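Report on the structure given below.
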Amino acid sequence: MDNVKVRFAPSPTGPLHIGGARSALFNYLLARRYGGKMVLRIEDTDLERSSRQSEVNIIESLKWLGINWDEGPDVGGDFGPYRQTERLNIYTNYAKELIEKGLAYRCYCSEEELEGQRQAFIAKGELPRYSGCCRNLTKEQEEKFLQEGRKPVVRFKVPADQLVVIDDLVRGTVTFESNGIGDYVIIKSDGIPTYNFAAVIDDYLMQITHVIRAEEHLSNTPRQVMVYEALGWKLPKFAHISLILGKDKTKMSKRHGATSVVQYKEQGYLPEAVVNFLALLGWSSGGEEEIFTMEQLIEQFSLDRVAKNPAVFDMEKLKWINGYYIRQSSVERITDLAIPFLQDAGYLPQDITPEQYEWTKLVVTSVQEKIHSLQEIIDFMKLFVGEKVEFENEEAKLVLKEEQVPRVIEALRTKINEMDIIEPEGVKKALKAITKETKLGGRKVFMPIRVALTGQMHGPDLHYIIAILGKELVEKRLKHTLSKN
RNA sequence: GGCCCGUUGGAGAAGUGGCUUAACUCACCAGCCUUUCACGCUGGCAUUCAGGGGUUCGAAUCCCCUACGGGUCACCA
C-alpha cells in the first residue's frame, strides 16, 4: 500500500468518545503501519453544538493516548485549514459548480412546508421524504421566493434508478439503490455545508486514500459516493468498523458508564491499557497474544483482520489489561501517576516533601500488584492512615481472642522498639524472627498482627503495612484495638 | 416501516469447504504457591457455531428463508 493517507474527523460537540478514540486509533495504526500520513480534521459545521473546548478535549485525549497526526488545526499542513468552518468558501464554490451543471438546486421550502410534505406522505401510507418540489423552479419563481425573504438550501439531485456499489474494506461489497434516497441538503440555509458534502470535498482535497470510520456512516456513504461521481472524483477506499456496544448490546452510551477518554484517565487507567483494549475491540492479531504495545500494534495491524460484528465493551477485560500494565510499570511511574489521585482524595498535600514521596512509593509498592486502576489505591489508604482501627467482621475480632495473641503482640512491640528505622526488609526479618522465637506457625503470628493493625484479615504484605504506618501509628493502633477487646 | 449491517461459550475472538472430536484471552470454577489478599502456575469450562431448509462425498465456513440485535432514513455529524 503506497501513499496511505487517513484522517480522523471528529465533530467537536463533546469530549472524545471511546468509539471515536478507536476510530482514531485504527486510522493511526494504518497510517503508521504503511508509513503514511494522518490528518486531524475538525468537523465543526454544527454551529449550535460545536465548541473550542471540545476540540481541545479531543486533541488532549488523543495525545494522551499517544495518537498523533501530521496535519491538523494545531500543527498546520499543506492542505489546510483543518477546521471546516474555516473552509466555507471552498464548499460554496463546489456547490455552485454542481448547481451550474444541473446536479444540485436551490430549495426554498420552509420547515413547516417540509413537515407538511412529510405528513402528506405518511397520510398516504408512504415513507416520509422530500417531495422534490423545488427541482425545476423557474427564474421567476426563485425571484419570488427570494423577495419573500426565503433563504434557500442547496439540495443534491439524486439520480433515479441507480445502484450505488460500495466496496468496503471490512464489509465487502454493499449495494444501495438511489431511489431509496431523497434529494438531500448539501448547503444549509445559513451557508454552512452539511456533513455529507463537506466530508467529501475535504477528503478529496486533502488527498485521503482510506476513510476509516464507524459503521453508523455506512448508510451515508452512498450519498457521499454520488457527490464524488458528480464532481468526477476518484473514490477513496472505505472501511466501516463496527459499533462498540454496551453490556445490553445497544450502542455504547452514558448509561453504560464512562464513555469519554478523559473519564478513563480520571478513573486511573493508563493510556497504553486503553489503547490495547480499544485495539482488541473489533481487531485481533489472530495469534495468542492479548497484550500489545502501540509499537506492536503498528507492526501487526491490518484492516482485513478487523471484525464485521459489533464488539461489547467488557469492563472486566479493560481492568485486567490495566492491572497488567500497572504491574509492568516501575514503582516510580505508578507513584507519580498516583500522587494526583491521593492529593484529590486528601491523603497528600499539594506540595509534597521528599519524605512524603518516599512514603507514597512504599504505599504503591505494597499495592501495585493488587490494583486494577490508580483510583483503587484510595481504597487501601484507610489501612495506612489514622489511629483507629475498625474490625471488618466478627471473624476478625475473634482472631485477637486466640491464646497466643498477647505473646505475639508483646514480641512485636519489643522488636519495633529495638529498631531505629522502620523499613520493610527489617520488619520482614523481625516478623520471621517472631515466628521462630514463639515457635508458632506463620498464620498464628501474622494474622493477629494484621488484624490488630488494620482490622482486616487480608491486605498488602504485613511488613509493608508496618513500615508505612511507622513506629508511632503502630503503637497507637495496637493500643486502640487491644483496648477494644 | 424501507434500506443496510451483523449473529461462534458469560465477554473479546480464531476459523475463509476436509488439518476442528471449534485456538487463544478475560470472567468463572478447582488445585498449587503464599503469613492473608493479590500476583503467578496447573487443570476444568461450546460434541457445537441463532433456528430451519438446501448445495456437497463432506459446511461454523456456500445459497435461501425465519428469528433476534443493531445502524440509517434531519437545514446532526
Side-chain angles (χ1 to χ4, degrees), chain A residues 9-13 43-46 48-50 84 107 109-111 114 118 122 125-130 151-155 166 168 171-172 174-177 179-182 184-196 198-199 213-223 240 242-243 245 247-251 277 280-291 305 307-321 323-324 327 367-372 428 431-432 435 441-451 454 456-463:
Chain A
S11 60
T13 55
E43 306 215 326
D44 54 353
T45 54
D46 184 343
E48 290 284 304
R49 299 191 301 147
S50 295
Q84 291 187 326
C107 165
C109 294
S110 68
E111 257 180 71
L114 256 17
R118 272 191 282 268
I122 292 171
E126 289 179 37
L127 278 158
R129 62 195 136 97
Y130 174 66
K151 293 246 188 229
V153 300
V154 179
R155 285 184 188 271
I166 291 152
D168 191 281
R171 322 214 80 92
V174 185
T175 310
F176 294 87
E177 281 179 47
N179 291 348
I181 302 168
Y184 55 93
V185 175
I186 57 175
I187 302 280
K188 302 183 237 178
S189 57
D190 57 4
I192 311 279
T194 58
Y195 162 73
N196 280 129
R213 68 203 351 173
E215 192 192 317
E216 55 193 297
H217 294 297
L218 183 57
S219 351
N220 274 318
T221 309
R223 283 172 242 270
H240 288 92
S242 60
L243 265 10
L245 270 30
K247 265 237 171 304
D248 59 356
K249 309 246 180 178
T250 63
K251 195 173 162 184
F277 176 69
L280 259 23
L281 245 34
W283 174 84
S284 67
S285 73
E288 301 187 353
E289 216 26 71
E290 297 281 314
I291 296 292
R305 293 213 59 85
K308 293 181 177 63
N309 52 308
V312 174
F313 190 98
D314 183 6
M315 195 62 91
E316 293 303 317
K317 186 145 185 177
L318 207 210
K319 280 186 181 163
W320 172 74
I321 292 176
Y324 174 84
R327 273 175 261 130
V367 302
Q368 190 168 6
E369 63 183 17
K370 299 186 183 319
I371 56 174
H372 298 92
K428 193 176 183 178
L431 291 172
K432 277 275 178 239
T435 60
R443 196 190 145 88
K444 291 205 169 213
V445 170
F446 285 84
M447 197 47 78
I449 296 177
R450 175 178 296 282
V451 172
T454 68
Q456 308 267 324
M457 294 188 62
H458 49 77
D461 289 344
L462 246 195
H463 55 277

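Below, all heavy atoms of this structure are taken into account, side chains as well, without hydrogens, waters or symmetry copies. Note that the coordinates shown come from a computational prediction; the quantities given were computed from them, not determined experimentally. Convention: sequence-line order gives letters A, B, ...; per-chain numbering from 1.
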| request: Tell me, please, which residues at least two apart from A:E43 pass side chain to side chain donor-acceptor pair (under 3.5 Å). | output: A:R41, A:Q84
| task | Mind checking side chain to side chain donor-acceptor pair (under 3.5 Å) for A:N179 and listing every partner two or more places apart, or none if nothing turns up? | result | A:D161
Interface polar pairs with nucleotides 74-76 of chain B, N/O, under 3.5 angstrom:
unit_1: B:C75; atom_1: O2; unit_2: A:S189; atom_2: N; d: 3.0
unit_1: B:C75; atom_1: O2; unit_2: A:S189; atom_2: OG; d: 2.8
unit_1: B:C75; atom_1: N3; unit_2: A:S189; atom_2: OG; d: 3.2
unit_1: B:C75; atom_1: N4; unit_2: A:C109; atom_2: O; d: 3.3
unit_1: B:C76; atom_1: OP2; unit_2: A:K188; atom_2: NZ; d: 2.8
unit_1: B:C76; atom_1: O2'; unit_2: A:D46; atom_2: OD2; d: 2.9
unit_1: B:C76; atom_1: O2'; unit_2: A:R49; atom_2: NH2; d: 3.4

| field | Results of side chain to side chain donor-acceptor pair (under 3.5 Å) for A:E216 - residues two or more places apart only | value | A:K251
| remark: When rounded to whole Å, the CZ to C1' distance for the pair A:R171 and B:G71 reads 10 Å
| task | Between A:R443 and A:K247, just flag the one whose closest nucleotide in RNA chain B comes earlier from the 5' side. | result | A:K247
| Who pairs with A:R49 by salt bridge (Lys or Arg N to Asp or Glu O under 4.0 Å), at least two apart in sequence or on another chain? | A:D46
| task | Kindly check if the number of other-residue, nucleotide or ligand heavy atoms within 6.0 Å of CZ (A:R443) is above 12? | result | no
| remark: Separation of B:G71 atom P from A:L218 atom CG, nearest Å, is 13 Å
| task | Not counting sequence neighbours, which residues clear side chain to side chain donor-acceptor pair (under 3.5 Å) with A:K370? List them please. | result | none
| Rounded to the nearest Å, what distance is computed from the CD atom of residue A:Q368 to the C1' atom of nucleotide B:C37? | 16 Å
| query | A:D461 or A:E289: which one's nearest nucleotide on RNA chain B is closer to the 5' end? | reply | A:E289
| query | When all nucleic acid strands are considered with a 4.0 Å heavy-atom cut-off, which category describes A:K432: base, sugar-phosphate, or nothing? | reply | sugar-phosphate
| task | Consider the side chain of A:M447, meaning its heavy atoms from C-beta on, and name the nucleotide among B:U72, B:U36, B:A77 that approaches it most closely. | result | B:U36
| query | Between B:A77 atom C1' and A:R223 atom CZ, what is the distance in whole Å? | reply | 13 Å
| said: Taking any heavy-atom pair under 4.0 Å as a contact, classify A:H240: base, sugar-phosphate, or nothing. | reply: nothing
| request: Check the distance between B:C3's C1' and A:I166's CD1 and give it to me in whole angstrom. | output: 12 Å
| field | A:K251 NZ to B:G69 P, straight-line distance once rounded to whole Å | value | 18 Å
| said: Counting the atoms with a prime plus P, OP1 and OP2 as sugar-phosphate, which does A:G180 contact under 4.0 Å by heavy atoms, base, sugar-phosphate, or nothing? | reply: nothing
| Gap between atoms CD1 and P, on A:I181 and B:C73 respectively (whole Å) | 11 Å
| remark: For A:H463, the ring pair (Phe, Tyr, Trp, His ring centres under 6.0 Å) test, sequence neighbours excluded, returns none
| request: Evaluate the ring planes of A:F313 and A:F277, with Trp represented by its six-membered ring, and classify them as parallel (under 30°), tilted (30 to 60°) or perpendicular (over 60°). | output: perpendicular
| request: Calculate the interatomic distance between A:F176 atom CZ and B:C73 atom P; express it in whole Å. | output: 12 Å
| task | Considering only atom P, compute the distance from B:G43 to B:U55 and round it to an integer number of Å. | result | 44 Å
| task | Identify whether any heavy atom of A:K319 sits under 4.0 Å from a base atom; if not, whether one sits that close to sugar-phosphate; answer base, sugar-phosphate or nothing. | result | nothing
| How far, in whole Å, is B:C63 from B:G70 if one measures between their C1' atoms? | 24 Å
| query | Can you tell me how far P in B:U61 sits from the matching atom in B:C4, rounded to whole Å? | reply | 22 Å
| remark: Heavy-atom closest pair (A:V312 atom, A:K247 atom, distance to 0.1 Å) is CG1-CA, 4.1 Å
| Just checking A:T175: base, sugar-phosphate only, or nothing, at a heavy-atom cut-off of under 4.0 Å? | sugar-phosphate
| field | Contacts of type ring pair (Phe, Tyr, Trp, His ring centres under 6.0 Å), residue A:Y130, not counting sequence neighbours | value | none
Just the atom pairs and distances: protein N or O near nucleotides 12-14 of chain B's N or O, under 3.5 Å.
unit_1: B:G12; atom_1: OP1; unit_2: A:V312; atom_2: N; d: 3.4
unit_1: B:G12; atom_1: O2'; unit_2: A:L280; atom_2: O; d: 3.1
unit_1: B:G12; atom_1: N2; unit_2: A:E290; atom_2: OE2; d: 3.3
unit_1: B:A13; atom_1: OP1; unit_2: A:G282; atom_2: N; d: 3.0
unit_1: B:A13; atom_1: O3'; unit_2: A:S284; atom_2: OG; d: 3.1
unit_1: B:A14; atom_1: OP1; unit_2: A:S284; atom_2: OG; d: 3.1
unit_1: B:A14; atom_1: O3'; unit_2: A:R305; atom_2: NH2; d: 3.2

| query | When you look at NZ of A:K428, are more than 12 heavy atoms from neighbouring residues, nucleotides or ligands closer to it than 6.0 Å? | reply | no
Can you give me the N/O atom pairs linking the protein to nucleotides 39-41 of chain B at distances under 3.5 Å, or say none if there are none?
unit_1: B:C39; atom_1: O3'; unit_2: A:R327; atom_2: NH1; d: 3.2
unit_1: B:G40; atom_1: OP1; unit_2: A:R327; atom_2: NH1; d: 3.2

| query | Can you name the salt bridge (Lys or Arg N to Asp or Glu O under 4.0 Å) partners of A:D168, sequence neighbours left out? | reply | none
| query | Does A:R118 have any salt bridge (Lys or Arg N to Asp or Glu O under 4.0 Å) partners at least two apart in sequence or in another chain, and if so, which? | reply | A:E115
| note | A:E288 has its side chain closest, among B:G70, B:C4, B:C24, to B:C24
